[in-house]
Amino acid sequence: MNKRCFFLLAGLLVPVWLAGCAATATPTSVTGVTKPVDSQVQHERDYRVRSGDTLTAIGKRFGVSSLQLQYRNNLSDPHALSIGQRLVIPAGSLKVPDTFSDGARFIWPLQRFDVSSEFGSRNNRHKGIDLRAPRGTPIRAAADGVVHFAGRQRGYGKVIIIKHAGDIQTFYAHNDKNLVKKGQRVQQGDVIGTVGKTGNATGYHVHFEFIRGRLPLNPRHYISG
């Protein structure tokens, strides 16, 4: 005996007379179906920068931190906002990574130092922090990692770059001596070089950068102590 079955095609139920059919066919594609939206993205909003705005002020207005704003919008320079610039205000639950997967935090590369130039100084062009110390002072690895580069770079003199977990790199420049080689594994606190003033430097110091992906961030937000 023939039975009337219904097949869902392009969003419509179509009756078809077939012998012994028992179920509605599963469509290969259905129009008008809304995919679930990630809860964080669903609660984000856009904001246009106004005259006098700062990340700190915008963050207070929306109940998020300036660091969350910087991280969500990939701002390499948190001080260089322009009027009309579009910012995404993250959901309040956005967590900015500040530790490795094993929970270890970063440390300063020098045990004793004076800060001679902060992140964002020099018309917001300074992408690291300059740590002043006497020539020959040991430079320590800020965390466990693998040496990605050890050599010279134009303007920075002798440089060491260490890759860490979480797509993070730390950058140490103007060194007097590099004591590690590319590919070498280091642990947090290991001596990797000594303070110098090679390259374009007027005094003995370490130019120290913290980079996530390709985004330089203020090391102060990621260092314990």
Side-chain angles (χ1 to χ4, degrees), residues 66-68 70-71 74-79 95-122 124-201 203-225:
S66 58
L67 187 59
Q68 285 177 312
Q70 182 184 354
Y71 183 77
N74 289 325
L75 301 176
S76 60
D77 187 347
H79 306 289
K95 179 174 175 55
V96 178
D98 62 353
T99 63
F100 292 118
S101 57
D102 61 3
R105 293 181 178 273
F106 296 86
I107 61 172
W108 290 108
L110 304 179
Q111 289 184 323
R112 293 184 180 181
F113 58 86
D114 294 318
V115 175
S116 57
S117 186
E118 289 281 3
F119 178 88
S121 61
R122 303 175 196 172
N124 297 320
R125 292 181 297 175
H126 198 229
K127 305 306 181 186
I129 292 182
D130 288 349
L131 310 176
R132 185 170 53 208
R135 180 183 181 183
T137 300
I139 301 171
R140 307 178 300 164
D144 298 356
V146 177
V147 178
H148 177 65
F149 178 86
R152 285 185 172 269
Q153 287 192 8
R154 184 177 179 180
Y156 288 106
K158 293 182 180 180
V159 167
I160 296 169
I161 301 173
I162 299 177
K163 277 193 170 183
H164 310 280
D167 198 21
I168 296 169
Q169 297 183 38
T170 49
F171 181 96
Y172 316 75
H174 304 303
N175 309 333
D176 188 55
K177 294 180 181 180
N178 290 344
L179 302 177
V180 291
K181 297 180 179 180
K182 181 178 179 179
Q184 182 176 337
R185 290 190 173 275
V186 296
Q187 294 184 327
Q188 186 180 73
D190 284 352
V191 176
I192 58 174
T194 59
V195 171
K197 59 175 182 178
T198 55
N200 298 336
Y204 295 110
H205 73 281
V206 176
H207 172 80
F208 177 61
E209 293 187 16
F210 181 98
I211 304 163
R212 186 176 183 88
R214 296 185 178 181
L215 180 67
L217 298 172
N218 190 338
R220 289 190 180 278
H221 295 306
Y222 295 88
I223 291 181
S224 176

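Residues Ala150 and Lys182 share a closest heavy-atom pair of CB-N, 4.3 Å. Closest approach of Val186 to Ala141, counting heavy atoms only: CG2-CB, 4.0 Å. Pairing each heavy atom of Phe106 with each of Ala143, the nearest pair is CD2-CB, 3.9 Å.
A heavy-atom distance below 4.5 Å is found between the side chains of Leu110 and Ile139. Under the 4.5 Å side-chain criterion, counting only non-hydrogen atoms from C-beta, His164 is not in contact with Asp144. Contact annotation: the side chain of Ile161 approaches that of Gln153 to within less than 4.5 Å [non-hydrogen atoms, C-beta and beyond]. With contacts defined as side-chain heavy-atom distances shorter than 4.5 Å, the pair Tyr156/Arg152 does not qualify. Side-chain contact between Lys158 and Thr198 is present, with at least one heavy-atom pair separated by less than 4.5 Å. Side-chain contact check for Val115 versus Phe113: some heavy-atom pair is nearer than 4.5 Å. No side-chain heavy atom of Gln169 sits less than 4.5 Å from a side-chain heavy atom of Ile162. In this structure the side chain of Phe210 reaches within 4.5 angstrom of the side chain of Ile168, judged on heavy atoms.
Taking the six-membered ring for Trp, His174 and Tyr204 have ring centres at least 6.0 Å apart. Proximity of the aromatic rings of Phe208 and Phe171 is defined here by a centroid distance below 6.0 angstrom, and this criterion is not met.
For Glu209, the side-chain hydrogen bond (donor to acceptor under 3.5 Å, both in side chains) criterion is met by His207, not counting sequence neighbours. Applying the side-chain contact (heavy atoms from CB on, under 4.5 Å) test to Val146 and every residue at least two apart in sequence or in another chain returns Arg185.
Judged by distance alone, the side chain of Thr194 and the main-chain N or O of Lys177 form a donor-acceptor pair under 3.5 Å. Remark: the backbone N or O of Gly166 is paired with a side-chain donor or acceptor of Arg212 at under 3.5 angstrom.
Within the model, atoms CD1 of Ile192 and OH of Tyr172 stand 4.5 Å from one another, a figure rounded to the nearest 0.5 Å. To the nearest 0.5 Å, atoms CZ (Arg220) and CD1 (Ile129) are separated by 4.5 Å. Here CG of Leu131 is found 9.5 Å from CG of Asp114. Values are rounded to the nearest 0.5 Å. For the atom pair Gln184 CD and Asp190 CG, the distance stands at 8.0 Å (nearest 0.5 Å). Residue Ile211 holds its CD1 atom at 9.0 Å from CG of Leu217, rounded to the nearest 0.5 Å. Summarising the geometry, atom CG belonging to Leu179 is positioned 7.0 Å from atom CD1 belonging to Ile160; distances are rounded to the nearest 0.5 Å.
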Criterion side-chain contact (heavy atoms from CB on, under 4.5 Å) on Lys181 and Val147, from CA distance to verdict: CA-CA 7 Å; Lys181 297 180 179 180; Val147 178; over 6 Å; no
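By the neighbour-count criterion of 12 heavy atoms within 6.0 Å, atom CD of Gln111 is sparsely surrounded, having that number or fewer from other residues, nucleotides or ligands.
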